[in-house]
Amino acid sequence: MDTQPAQPLLFTPMRLRGVTLPNRLVVPPMAQYSADDGVANDFHLAHYGRFAVGGAGLIFIEATGVTPEGRITNGCLGLWNDQQQRAFEPIARAIKAQGAVPAIQLGHGGRKASMQRPWFGNGPLNDADLARGEKRWQPLGPSAVPLAEGWLVPRQMDADDMARTRKAFADAALRALAAGFEVIEIHMAHGYLLQSFVSPLSNFRTDAYGGSLENRIRFPLEVVDAVRAALPQGTPLFVRISSEDGFEGGWTMDDSVVFARALREHGVDVVDCSSGGNTPRGATNANLQRSPGYQVPFARRIRQEAGVMSEAVGLIRDARFAEQVLQEGGADLVAVGRQFLYEPFWGLHAAHQLGIDPDFTRWPRQYAWWLEKWDKGIRAREAAERRA
Ligand SMILES: Cc1cc2nc3c(=O)[nH]c(=O)nc-3n(C[C@H](O)[C@H](O)[C@H](O)COP(=O)(O)O)c2cc1C
């Protein structure tokens, strides 16, 4: 229709290596803590399927452990065996069947592994959790320093642990591709293993992996190299970073710019800009004032100063605001998390709100045929009421 507004950037397709995203709207990884032995189940299929029906272009499966000890909780997904790989297949297929791109975040919990599911306390496992059947295991970290008092003391990783972990990331990436995922993200945020290497709040090593910034980013870059080497050229690789720790003496945004340049040079396509999580105070940056788009300034700096594409996340809930972030160069992609949990058809509603889908053509036709008539009927009745 010629009365339609110009195509919003939010709904403009984007090519990333060999993959075309149908739009620039991302569902970020959101752990559901509902797997058994790392294996996805019917809940995950229903959960992720809703986002695909709901109009997101790129849908990330939550943080998925690359090794058993790399899971954050007993309920976290994993991808180190055939059973786990097979269980992901219907999920990737369901996402793709709706025209969205299936993606997965691969991670390692590091010193925050073996913790409680959030709704049981979000802290270290306690006796009540063990009585409930939760298992405790030995976490790994850059140094034998716990997140805080009362948390498990990680075992300092040695060269063998590092080699095993690099390989586990690469193997999991290959399993992810075999299961049908088309985009891989490496989790380097929120105080988990790879962020705990880069941050001076958690890395006290005196070898080539600690001390200077260059040394602290060495192991995360080796993981990137292992994954990039395993992936075909056409597969986009994302990395999620904690842009800053938000604590005195911690990792800063200036460090992130240096890191993002290195990530780009090592073959990373998009830097997904979150923050915080490397202290027990909050899953993300506890010292950051929460307001709409509160992490957009991080994504803006990364794309401007590191010359790599970036993804913004954090309290982006309104379609016009999401569009504005893209238009103003705040990011290349926008992610909408909790709002998608609350409103799983957010992407379709956003297209409607931006005026590009008055006839419900983006909706599954199973719904569209009815909704288009339903909507016209409602409008006609409202117009008649106004005239009366
Ligand atoms: C239930 C839940 C689980 C989350 N799990 C992950 C995760 O697995 N990996 C990750 O990087 N971030 C995780 N996050 C952070 C989100 O990806 C996102 O960055 C955060 O919710 C802010 O975006 P929002 O305001 O749009 O929700 C989680 C957030 C929520 C609400």
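Atoms within each ligand, like the ligands themselves, are counted from 1 in listed order. Just so you know, these numbers use all the heavy atoms, side chains as well, and skip hydrogens, waters and symmetry mates.
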Heavy atoms only: which of Gly293, Ala189, Pro28, Ala63 is nearest to atom 8 (O) of ligand 1? Ala63
Nearest heavy atom to atom 24 (P) of ligand 1, choosing from His190, Gln339, Arg338, belongs to Arg338
When you measure from the centre of the six-membered ring of Trp137, is the NZ or CZ of Arg71 closer than 6.0 Å and no more than 45° off the axis? yes
What residues, two or more places apart in sequence or in another chain, satisfy salt bridge (Lys or Arg N to Asp or Glu O under 4.0 Å) together with Arg228? Asp269
From the options Ala31, Ser275, Pro118, Pro29, select the one whose nearest heavy atom is closest to atom 3 (C) of ligand 1. Ala31
Which of the atoms in ligand 1, numbered in the order shown and given with their element, are less than 4.0 Å from a heavy-atom of Gly314? 22 (C), 23 (O), 25 (O)
Considering both backbone and side-chain atoms of Glu62, is one of its nitrogen or oxygen atoms within less than 3.5 Å of a nitrogen or oxygen in ligand 1? no
Under 4.0 Å from any heavy atom of Leu315, which atoms of ligand 1 are there? 24 (P), 25 (O), 26 (O)
For atom 9 (N) of ligand 1, state which one of Met30, Gln105, Arg317 supplies the nearest heavy atom. Gln105
Are the charged groups of Arg317 and Glu343 less than 4.0 angstrom apart, N to O? no
Does Glu182 have any salt bridge (Lys or Arg N to Asp or Glu O under 4.0 Å) partners at least two apart in sequence or in another chain, and if so, which? Lys96
Between Arg379 and Asp375, does at least one N-O distance fall below 4.0 Å, as a salt bridge requires? yes
Taking only non-hydrogen atoms of Val313 and a 4.0 Å limit, the atoms of ligand 1 in range are 18 (C), 19 (O), 23 (O)
Evaluate whether atom CD of Gln366 has more than 12 neighbouring non-hydrogen atoms of other residues, nucleotides or ligands under 6.0 angstrom away. yes
Counting both backbone and side chain atoms, is some N or O of Ala335 under 3.5 Å from an N or O of ligand 1? no
Is Arg155 salt-bridged to Glu69, cutoff N-O under 4.0 Å? no
Using distance alone, determine whether Ser274 and ligand 1 share an N or O pair under 3.5 Å. no
